Amino acid sequence: MSNEPKPYKETLNLPVTRFEMKANLSDREPRMQKRWHEEGLYGRLRAARAGRPRRVLHDGPPYANGEIHMGTLLNKVLKDMVVRSLSMAGFDSPYVPGWDCHGLPIEHKVLKDLGSRAASTSHAEIRTLCQVEALRWVDVQREQFIRLGVMGDWAHPYLTLDPRYEAGIMDVLAQLVESGYVARQLKPIHWCMSDRTALAEAELEYKESTTPSIYVNFQMKSGVPAGWSSAGSPPFHVMIWTTTPWTLPANVAVAVHPEIVYCGVEYVDPETGRTMRTILAADLVKQVLEKGGVRAHVELGRCAGRALEHATYLHPFIDRECPIVLANYVSVEDGTGLVHTAPGHGAEDFQTGRAYRLPVLSPVDEAGRFTAEAPDWIQGLHVFAANKPIIERLRESGCLYREAPLVHSYPHCWRCKKPVIFRATEQWFILVDHANLRERTLEAIAAVRWLPSWGRNRIEAMVSGRPDWCISRQRAWGVPIPALKCTGCGEQVLTAATVRHFRDLFRREGADAWFTRPTDEILPEGLRCPRCGAGDFAKEGDILDVWFESGSSHRGVLASEFNLGYPAFMYLEGSDQHRGWFQSSILTAVGSTGRAPFETVLTHGFVVDDQGRKMSKSLGNYIPAETATAKYGADVLRLYVASMDYADDIGMSERGIKEASESYRKIRNTFRYILGNLEDYRGFDPDLVEPGSLHEIDRYALGRLNALVRGARAAYEEFEFYRVFQRVYQFCAVELSSFYLDVLKDRLYAESPAGPDRRAAQFVLAKLHEQLTLLLAPIIPHTAEESWDYRPEGSRATSVHLATFPEPEPAWDDPECDARWGWILEARGRILLELESLRKAKQIGSAQEASVLIVAEDADRFEAHRGLLAEVCNVAEVVVEPGVAGSGVAIAARRSAHAKCERCWNHRPEVGASPAHPTLCGRCQRVLGAAGALEP
RNA sequence: GGGCGCAUAGCUCAGUUGGCUAGAGCGCACCCCUGAUAAGGGUGAGGUCCGAGGUUCGAAUCCUCGUGCGCCCA
């Protein structure tokens, strides 16, 4: 035997694994995704879950326009975590992603690209360009979603431009028509008189423009508040203000605010010299009278606007008695506090008109000229040219109080740059109150589970208050409303039968057929006008509101083509969709099937920055999703998303992502360490580990794992991923890294490689590895799969994503053990404090150099577990002495007097006792002796 | 302006039906280890529970009114 120091390090079982510390996700994840694709993982999961209870999350289609952003990422990742966790809970949970492909933004983009050629391009050509544009973005977004690790049937998504989907829309429309929900009504829309076309809000450009601004007195007919006037006094008026005198022929009401205080005043008109009595908002009396040059006035009374409801006045130049109505949008910002109301020429006016069942007048043709419905003295005049004669007429009749030009923001056509008007046109509506659709929808809402629960209040309020749904749009890029106009009598023909006829046509040829095929080729055979009996028709040009399209997905996707089942288990979108998709879906579903298309609706908040402000490029707090994914990796972003309670808005920032990266590294390192100690456990039969060989701390760890599994599964059931994250992460950091794994080092490194003590530890490590990997698989699927590849048991061919969540092992529950650990951990905490002060005093470095003395009145308890206490504190030894009664527990620590074992670094009394191996402790001599390593 | 929400350490979250000195992890600071090493361990400092009233013996928690932020309307 030589005197050379023994290379004892070589005899330790130090961790070894190829599971790398460096994640390098930007490289590793795409390779993993490629592998999943090649292995057909999604299809294999479908096969594996075939026959299991089905829970379908139905994808709300994102708009196929532009790159995905953090909001899209949040939404898709949450959906993926839901779907994956359902699958791992044993459900058959297919995921068919979809895209919303029609609509104005794409059409707008195409028209802009066409520039001046747009006007000479046919609808059919525009539609082709739109389709190319939409499909291009579908491809881009699909790649980005796949890059995020979202699992689904990416080869067969649903597209709203798919003929089968279009047929589904028509099917829903046919049923709604059949039940009488669909009707034609007048509605004011933005109209360009130069291009003779309807414009959407997005097609307006607001520019400064000069218009007339007039104050007009309408003479009251009835309803002047009691006591304001007496016999023989001049008649009362109501004074309104408008910048569009040309809309006065369509005036049918004056709106006041129910809460605003109004004032009856008498003044002398400086121009006519007449004594006038009129009503104004009290707050505006001074201002308005000053503008008109009135020096003095007398107040005749005051009342709230509410008191004026149902009073009437006479139209200034048409034989018409009109009511005063209430509206909450009336303000005292400007004007008089009384608002001229023409439902045919304004959006708010239209709403008010609906509430009071006022007629919608719009005596203006496509070119902006007054029609025969207008007074004869303005017929044929362009509306703007009619301002002057109207003002003159008012002046002559003494109704005009004041006139002045006004410069203000006014909408103009984005194409021809000319000012636009509101003009009432016939549109298609879903009548929300027909056949109690509103009430039945509210009943259906009550039967749905809304998460969070306030979602129900939100959508209930919206459905309760919503007006009829205008489903027609005067655009090119969408699914046509297959209405036929009788060329004989002008009747619009849209029946369940004709819609179903076109449904079948669209299914065969796509909705393009409506635009490309001559009318007579696609007409239903033998169609006659139900009104005049003629057989000659023209196709109408309106398309459906895209909300109707996406809102019909329950038919085209759930109930038919994709065989997913109706209704869906869950819809999951941002909380803006209470007004959008959730509502359009439930309205069309209740109208056509009588029930909600979803059982549960889960909503998430919006992505904001770390100060709670909305994320926008202009604020400079915008984080591009694609860049972030490339830089940090999908699993890091997914972990980030999972760490936050999505019910509220979620704040994202570069710093936040970095913190998520730290969390990710901790988890990854925990896996790496565990795997490093399992390398030689691979292929070992865990059944060979006798339960009795498990140490006390092993049983404790298994109990903690059980608790984790229960907690995490419960959190998954509630879709509370942040609770999963909190539990799993803190388990890794606290229970494992800083405690169990740290304590285990001595046994793992220094005991015999295949001895029962080390095997017992490895048994626990393997369980920890397996169950942690499973619990994290829905959140960080790439890393979980990578980890799964290294698991000691089983075949590598099986993906973790085909597996199910672990079940708690009842055998691992041990209340007695838990109770014991309560005081052991408490004592450990106190011992660690003592060690820290020793360390501060430069007495020790590592805990292994310390010896602990416990003086306790109930010394037996500590004496019985002093070995365990030494183990969990990683100290040289724990000595227990009985204390006097009432002294409690006193703990002291000092530097151990024992020598350090050169192999395991523990300080033990027997080190040096063996002349043959003076630097080894007894345990290490035993271990090395058994291995034959101590033979000369 | 209206409806629906949210607000607890720097960050992410706990905190039963009101009841110990408001907790955890991360981060941070300091220390230790160098056999998880671009790792690991320990200790510690951080809070006007958004604000102001109110109810109560007692309020992060219940009520009222505000402030800020978000979504949806107007």
Side-chain angles (χ1 to χ4, degrees), chain A residues 8-17 19 21-22 257 259 327-331 333 347-348 351 452-462 464-466 574-580 583 603-615 639-640 642-645 647-651 653 655-656 658-660 662-663 665-666 668-677 720 722-723 725-735 737-739 741-746 748-750 829 831-842 844-849 873-874 903-905:
Chain A
Y8 289 123
K9 184 170 176 179
E10 299 303 316
T11 70
L12 292 171
N13 321 300
L14 294 178
V16 180
T17 179
F19 185 89
M21 180 179 289
K22 185 161 167 48
H257 192 287
E259 315 293 339
N328 286 322
Y329 54 80
V330 176
S331 79
E333 293 279 301
E348 291 178 328
Q351 300 288 351
S453 57
W454 49 257
R456 179 176 160 179
N457 293 340
R458 193 169 153 92
I459 192 167
E460 264 180 5
M462 287 171 176
S464 299
R466 72 156 299 146
S575 59
D576 55 335
Q577 300 303 331
H578 285 115
R579 178 160 296 276
Q583 200 180 135
T603 51
H604 57 78
F606 278 69
V607 174
V608 295
D609 69 11
D610 48 1
Q611 289 165 65
R613 293 172 192 284
K614 75 170 77 179
M615 207 169 260
L639 196 66
Y640 191 24
S643 73
M644 293 180 279
D645 182 358
D648 197 2
D649 290 339
I650 77 163
S653 61
R655 195 191 56 189
K658 289 203 172 84
E659 285 174 12
E662 295 287 309
S663 307
R665 281 173 47 206
K666 185 75 183 182
R668 188 175 178 90
N669 269 327
T670 304
F671 278 133
R672 174 176 148 86
Y673 182 72
I674 293 175
L675 289 169
N677 287 292
E720 290 174 337
Y722 67 98
R723 287 183 189 272
F725 169 81
Q726 294 269 342
R727 283 174 183 278
V728 174
Y729 181 61
Q730 295 195 19
F731 185 82
C732 286
V734 184
E735 312 262 15
S737 185
S738 72
F739 181 60
L741 298 183
D742 204 40
V743 170
L744 230 44
K745 283 178 186 169
D746 181 71
L748 288 168
Y749 296 175
I831 290 170
L832 293 182
L833 281 175
E834 292 300 318
L835 297 184
E836 187 62 16
S837 52
L838 269 190
R839 201 170 279 133
K840 277 266 149 64
K842 301 289 179 193
I844 60 166
S846 84
Q848 284 166 307
E849 294 164 21
C873 297
N874 196 23
R903 178 168 179 269
C904 71
W905 295 354

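Just so we're on the same page: letters track the sequence lines, and every chain starts at 1. Note that the structure is predicted; figures quoted are calculated from it, not measured.
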Asks: Does A/S575 make a side-chain N or O approach to OP1 or OP2 of B/G5 shorter than 4.0 Å?
Replies: no

Asks: Tell me the interatomic distance from A/R903, atom CZ, to B/G35, atom P, rounded to whole angstroms.
Replies: 15 Å

Asks: How is A/G605 classified with respect to the nucleic acid when contacts are heavy atoms under 4.0 Å: base, sugar-phosphate, or nothing?
Replies: nothing

Asks: Between B/C73 and B/A14, how far apart are the two P atoms, rounded to whole Å?
Replies: 30 Å

Asks: Counting only side-chain N and O atoms of A/K745, is one of them less than 4.0 Å from OP1 or OP2 of B/G41?
Replies: no

Asks: Using purine N1 to pyrimidine N3 plus N6-O4 or O6-N4 for Watson-Crick, or N1-O2 and O6-N3 for G-U wobble, each under 3.5 Å, what pairs with B/G58?
Replies: none

Asks: Would you indicate what A/C904 reaches in the nucleic acid, counting non-hydrogen atoms under 4.0 angstrom: base, sugar-phosphate, or nothing?
Replies: base

Asks: Examine A/R903 relative to A/Y749 and say whether NZ or CZ is less than 6.0 Å from the centre of the six-membered ring and inside a 45° cone about the ring axis.
Replies: no

Asks: Which base, if any, makes a Watson-Crick or G-U wobble pair with B/C11, both distances under 3.5 Å?
Replies: B/G25

Asks: Under 4.0 angstrom, heavy atoms only, what part of the nucleic acid is A/S653 near: base, sugar-phosphate, or nothing?
Replies: nothing

Asks: Can you check B/G70 for me, syn or anti if syn means within 90° of 0?
Replies: anti

Asks: Please report the distance, rounded to the nearest Å, between NZ in A/K658 and P in B/C28.
Replies: 13 Å

Asks: Would you give the length of the straight line joining atom OG1 of A/T17 to atom CD1 of A/I674, rounded to the nearest 0.5 angstrom?
Replies: 11.0 Å

Asks: Checking base pairs now: Watson-Crick or wobble, both atom distances under 3.5 Å. What partners B/U48?
Replies: none

Asks: Determine: side-chain N/O of A/Y8 to OP1/OP2 of B/G35, distance under 4.0 Å, yes or no.
Replies: no

Asks: Any side-chain N or O of A/R839 below 4.0 angstrom from OP1/OP2 of B/G41?
Replies: no

Asks: Between protein and nucleic acid, restricted to nucleotides 1-3 of chain B and to nitrogen or oxygen atoms under 3.5 Å apart, what atom pairs and distances do you find?
Replies:
unit_1	atom_1	unit_2	atom_2	d
B/G3	N2	A/R458	NH1	2.9

Asks: Please tell me which of A/R672 and A/E659 maps to the more 5' nucleotide of RNA chain B, matching each residue to the nucleotide holding its nearest heavy atom.
Replies: A/E659

Asks: For B/G25 and B/G15, measure between their C1' atoms and round to the nearest Å.
Replies: 15 Å

Asks: Answer yes or no: are there more than 12 heavy-atom neighbours, outside A/R727 itself, under 6.0 Å from its atom CZ?
Replies: no

Asks: For A/D649 and B/C6, what is the distance between atoms CG and P respectively, to the nearest whole Å?
Replies: 11 Å

Asks: Paired with B/G68 by Watson-Crick or G-U wobble geometry, both distances under 3.5 Å: which nucleotide is it?
Replies: B/C6

Asks: Looking at B/C71, I'd like to know if its phosphate oxygens (OP1 or OP2) sit under 4.0 Å from a side-chain N or O belonging to A/K614.
Replies: yes

Asks: Is A/D742 paired with A/K745 through a side-chain N to carboxylate O contact shorter than 4.0 Å?
Replies: yes

Asks: Where is the tightest heavy-atom contact between A/I844 and A/L835, given as atom of each residue plus distance?
Replies: CD1-O, 3.7 Å

Asks: Grab the CE-C1' distance between A/M644 and B/G70 for me, whole Å please.
Replies: 15 Å

Asks: Does B/G53 pair with anything, Watson-Crick or G-U wobble, both distances under 3.5 Å, and if so, with which nucleotide?
Replies: B/C63

Asks: So what does A/E348 hit on the nucleic acid, given a heavy-atom distance under 4.0 Å: a base, only sugar-phosphate, or nothing?
Replies: sugar-phosphate

Asks: Below the 4.0 Å mark, does B/C73 have OP1 or OP2 next to a side-chain nitrogen or oxygen of A/Y329?
Replies: no

Asks: Answer yes or no: does a side-chain N or O of A/K9 lie under 4.0 Å from OP1 or OP2 of B/G35?
Replies: yes

Asks: Does B/C32 have its OP1 or OP2 closer than 4.0 Å to a side-chain nitrogen or oxygen of A/K842?
Replies: yes

Asks: Which base, if any, makes a Watson-Crick or G-U wobble pair with B/U17, both distances under 3.5 Å?
Replies: none

Asks: What is the separation between atom CG on A/D645 and atom P on B/C11, rounded to the nearest whole Å?
Replies: 16 Å

Asks: What nucleic acid atoms does A/I459 come within less than 4.0 Å of, heavy atoms only: base, sugar-phosphate, or nothing?
Replies: nothing

Asks: Which comes earlier along RNA chain B counting from the 5' end, the contact point of A/S738 or that of A/Q726, where each point is its nearest nucleotide?
Replies: A/Q726

Asks: Using both distances under 3.5 Å as the test, list the Watson-Crick or G-U wobble partner of B/U34, or none.
Replies: none

Asks: In whole Å, what is the span from the CG atom of A/N669 to the P atom of B/C26?
Replies: 14 Å

Asks: Taking the P atom in each of B/A24 and B/A36, what is the distance between them to the nearest angstrom?
Replies: 27 Å

Asks: So what does A/E836 hit on the nucleic acid, given a heavy-atom distance under 4.0 Å: a base, only sugar-phosphate, or nothing?
Replies: base

